[in-house]
Amino acid sequence: MNGTYAGKTLQEYIDAEGKEVLGTHCRRFRDFPILTKFIDAKDNLLIQIHPDNRYALKNEGQYEKTEMWYVMDAGENAFLYYGFKKEISKEEFAKRIQEDTLLEVLNAVPVQKGDVLFIESGTIHAIGKDILIAEIQQNSNVTYRVYDYGRVGKDGKKCDLHIEKALAVTNRVPIVKDKSSYPHVADCDYFTVDKLNLDGNVMKKLEGTVSDASFASILMLDGEGVISCQGETLEFRKGDSFFLSAGSGTYTVEGSCDALITTIRAKAAPVRVGIAMGSSKARIGLVDIQQQLLATETVEMDTQCSPQEMIERIAKAVLGLLEQQGIPMDQCVGVGIGVPGTIDRIQGIVCYSNNMQWENVELVQEMGKYFPIPLRIANNADCAALGEAAAGAGKGCPDVIMLTIGNGVGGGIILDGEIYEGKGIGGSELGHMVIVEGGEPCTCGRNGCLEAYVSVPALKREAKRATGKAWTVQKIFEGAEAGDAALKEVTEQYVRRLGTGIVNIVNIFRSQLVLIGGEISEQSSAILEPLRTIVKKNCFGGQKGELPELEAAALGKEAGMIGAASLL
């Protein structure tokens with residue numbers, strides 16, 4: 001109504017200020033979490049049903065629609081339809097719709113001012129005539145129309161009904177109205193509603209607090225007065241609505257009024273999906289609040305497929321894993337994805353991934369076709385480092401740098417517990433620092449990069465050059481340990497070059513911990529001690545400065561999944 005955003009929409013305000021104004025509990029929602037309405041029924045409204053999440057997501061691409069009705073006013077004989085009087089079969093339900101006898105088995109609930117009904121998905125319901133209702137609902141528009149009293153519109157036609165879908169989702173057993181939400185008016189995973197009543201005499205002032213966890217939506221049902229917050233005071237009357245952004249602190253309401261205060265509570269037992277994509281496999285993990293993997297799945301990557309086809313495969317594998325584990329979509333607070341290459345985290349785009357042969361792939365947009373929840377992406381090496389910092393060898397350490405060495409060399413930098421990627425697109429590419437000018441060609445197009453010398457293919461290349469034979473990484477190190485002179489020289493040179501890269505990193509970032517992850521970390525017993533010696537000898541200031549610890553990553557292939565989930 002006034003100030004900087006006078007005349008703007010709520011969405012314009014959120015876009016300008018950032019989603020932080022909604023609060024930390026709202027991070028799990030892609031859209032604004034609730035809808036608030038006044039419904040003034042002068043005639044009986046049509047009878048309808050809302051599907052549950054599983055059905056709605058599969059068939060409509062939206063969440064279910066859980067809602068609460070607060071009766072603001074009602075005529076003398078007003079009623080609402082709420083469930084069935086008795087249990088009926090699916091066949092009887094269909095027959096009664098066809099024969100216009102459905103009303104005979106519906107449960108008509110008399111209502112008066114102040115009554116509250118909580119409408120869960122699957123419950124057949126309708127608002128009767130001569131009722132004014134305040135409705136607070138989950139942000140969804142999935143509604144199946146069942147019956148409209150045989151009425152016709154101005155065009156002389158009956159409205160379209162959704163009989164088959166309604167038959168599939170309706171709970172045909174009588175609803176037991178025992179959903180007490182005390183001390184709240186309503187409380188569910190999607191919203192919590194509290195009632196405010198000031199009589200203007202004994203109770204004429206309320207003081208509340210809006211924390212960083214959730215915004216507060218205050219809907220004035222009756223009366224008038226003033227509301228104050230952050231040094232600003234506005235008058236209110238019946239029908240006014242106020243949005244108090246998360247972190248607003250103390251507010252006061254004074255006067256004589258009834259109001260509903262809606263907030264969003266923490267998700268009960270949330271699950272996050274973490275996807276670690278690589279050139280050969282995509283690993284999918286379901287991660288709980290304790291950073292533990294509940295279940296995993298692997299999808300083979302195929303560079304012959306288009307990115308869209310590959311994304312569809314991965315998405316369907318996620319959906320299958322959730323179904324297999326009996327975890328509904330609404331239990332998931334988001335999907336995090338780690339991808340090799342140059343990533344635009346803000347726009348959700350894979351700008352360039354040479355290993356996957358992807359370019360300008362709108363990953364978040366494509367994956368969002370399958371998941372109506374927040375999605376975040378980052379470089380896969382960053383995700384692996386974040387996973388180790390959150391739950392692995394770097395747990396409790398705010399500054400961690402990790403080199404993930406496999407088919408390539410990824411670098412993840414965690415500073416103050418957050419991924420560091422600079423101000424531009426792309427993030428850190430520690431594997432593409434040059435350590436040998438004019439050296440071996442690298443997959444990035446340059447020559448002499450760290451990746452060109454210490455990746456797994458590079459190690460195998462040098463071993464074959466030295467011996468004329470193909471070797472696995474394990475056999476290379478076993479041969480060196482057994483005294484094979486050629487392989488010993490290969491591994492020593494490998495460690496020296498990796499040490500050069502680590503010294504460069506330490507001189508720049510001075511982190512508390514440097515981790516070696518990926519396939520090469522399986523050889524930690526052979527490489528860590530000589531690497532520590534190189535770091536002590538060659539880092540600027542040597543042991544006079546504070547040198548980082550050097551360790552192997554602890555989580556192995558789990559790090560990328562846990563780290564991707566930790567993006568949320």
Side-chain angles (χ1 to χ4, degrees), residues 379 381-382 384-385 388 393-394 399-415 420 422 427-466 473 476-477 480-481 486-553:
N379 176 271
D382 287 339
E388 289 288 344
D399 298 330
V400 179
I401 292 179
M402 179 170 165
L403 287 175
T404 303
I405 305 175
N407 286 335
V409 177
I413 302 171
I414 309 300
L415 299 179
Y420 173 77
S428 57
E429 287 291 347
L430 301 181
H432 296 286
M433 70 173 83
V434 171
I435 62 167
V436 179
E437 185 178 3
E440 294 286 344
C442 182
T443 56
C444 72
R446 300 175 73 198
N447 291 79
C449 292
L450 183 65
E451 180 173 301
Y453 287 98
V454 303
S455 66
V456 166
L459 175 60
K460 291 179 178 179
R461 177 196 68 217
E462 293 303 312
K464 187 171 184 179
R465 282 178 180 175
V473 172
I476 292 171
F477 280 93
E481 187 177 1
L487 292 178
K488 192 170 188 298
E489 173 57 29
V490 168
T491 58
E492 287 178 350
Q493 179 177 259
Y494 178 87
V495 169
R496 287 196 303 271
R497 286 169 169 167
L498 178 55
T500 297
I502 292 174
V503 168
N504 291 341
I505 292 167
V506 171
N507 284 344
I508 295 169
F509 292 101
R510 293 290 173 178
S511 64
Q512 298 165 286
L513 177 67
V514 175
L515 295 175
I516 305 296
E519 184 179 346
I520 210 68
S521 66
E522 296 170 8
Q523 311 304 322
S524 59
S525 61
I527 67 174
L528 282 183
E529 203 51 49
L531 284 173
R532 291 181 183 123
T533 300
I534 292 171
V535 169
K536 288 177 183 177
K537 180 180 177 181
N538 295 291
C539 280
F540 185 84
Q543 297 184 63
K544 296 182 179 67
E546 188 174 344
L547 295 175
E549 297 292 326
L550 185 62
E551 301 289 348

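This one's a predicted model, so the numbers in the text were calculated from it and none came from an experiment. All heavy atoms count here, side chains included; hydrogens, waters and symmetry mates do not.
Between Pro441 and Ala452, the closest heavy-atom pair is O-CB, 3.8 Å. Smallest separation of non-hydrogen atoms from Ile516 and Ile527: CG2-CD1, 4.4 Å. Contact record, Leu515 with Ala393: CD2-CB, 3.8 Å, taken as the closest heavy-atom pair. A pairwise comparison of heavy atoms in Thr491 and Ile476 identifies CG2-CG2, 3.7 Å as the closest pair. When all heavy atoms of Met402 and Ala553 are compared, the closest pair comes out as CE-CB, 3.8 Å. Of all non-hydrogen atoms in Val473 and Val456, the two that sit nearest each other are CG2-CG1, 3.6 Å.
Applying the side chain to side chain donor-acceptor pair (under 3.5 Å) test to pairs two or more places apart or on separate chains, none has a residue in residues 507-528.
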(message) Working note: Tyr420 + Ile414, criterion side chain to side chain contact (heavy atoms under 4.5 Å, CB included); need CA distance, chi angles, decisive distance, verdict.
(response) CA-CA 6 Å; Tyr420 173 77; Ile414 309 300; over 6 Å; no

(request) Please report the C-alpha distance between Lys464 and Val490 in whole Å, then the side-chain angles of each, then the deciding distance to 0.1 Å, and finally whether the side chain to side chain contact (heavy atoms under 4.5 Å, CB included) criterion is met. (result) CA-CA 10 Å; Lys464 187 171 184 179; Val490 168; over 6 Å; no

(request) Verify side chain to side chain contact (heavy atoms under 4.5 Å, CB included) between Lys488 and Phe477, making sure each step is shown before the conclusion. (result) CA-CA 8 Å; Lys488 192 170 188 298; Phe477 280 93; over 6 Å; no

(request) Please step through side chain to side chain contact (heavy atoms under 4.5 Å, CB included) for the pair Lys536 and Leu547, ending with a clear verdict. (result) CA-CA 7 Å; Lys536 288 177 183 177; Leu547 295 175; 3.9 Å; yes

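In this structure, CG in Asp399 is found 10.0 Å from CG in Leu513, a value given to the nearest 0.5 Å. The CD1 atom of Ile502 sits 15.0 Å away from atom CZ of Arg497, with the distance rounded to the nearest 0.5 Å. A distance of 10.0 Å separates CG of Leu459 from CD of Gln493, quoted to the nearest 0.5 Å. Here the CG-CE distance, from Asn504 to Met433, works out to 5.5 Å after rounding to the nearest 0.5 Å. Interatomic distance, CG of Leu430 versus CG of Leu450, reported as 8.5 Å (0.5 Å rounding). Distance check, rounded to the nearest 0.5 Å: CD of Glu388 to OG1 of Thr404 gives 8.5 Å.
A donor-acceptor distance shorter than 3.5 angstrom exists from the side chain of Tyr494 to the backbone of Val454, with no hydrogens or angles considered. No side-chain donor-acceptor contact under 3.5 Å links Glu451 to the backbone of Gly408.
Checked against Pro548 for a side chain to side chain contact (heavy atoms under 4.5 Å, CB included), the options Val400, Val506, Ile505 give a single hit: Val506.
For Arg496, the salt bridge (charged side-chain N to carboxylate O under 4.0 Å, His left out) test picks out Glu489, with sequence neighbours left out. Take Lys460 and apply the side chain to side chain donor-acceptor pair (under 3.5 Å) test, not counting sequence neighbours, and it matches no residue.
You'll find the side chain of Thr500 stays beyond 4.5 Å of the side chain of Ile534, heavy atoms only. By the 4.5 Å heavy-atom criterion applied to side chains, Leu498 and Leu403 are counted as neighbours.
The neighbour count for Glu481 CD, taken as heavy atoms of other residues, nucleotides or ligands under 6.0 Å away, does not exceed 12.
Looking at Arg446 and Glu429, no side-chain N of the basic residue comes within less than 4.0 Å of a carboxylate O on the acidic one, giving no salt bridge. Checked for salt-bridge contact, Glu551 and Arg532 meet the test: a charged N lies under 4.0 Å from a carboxylate O.
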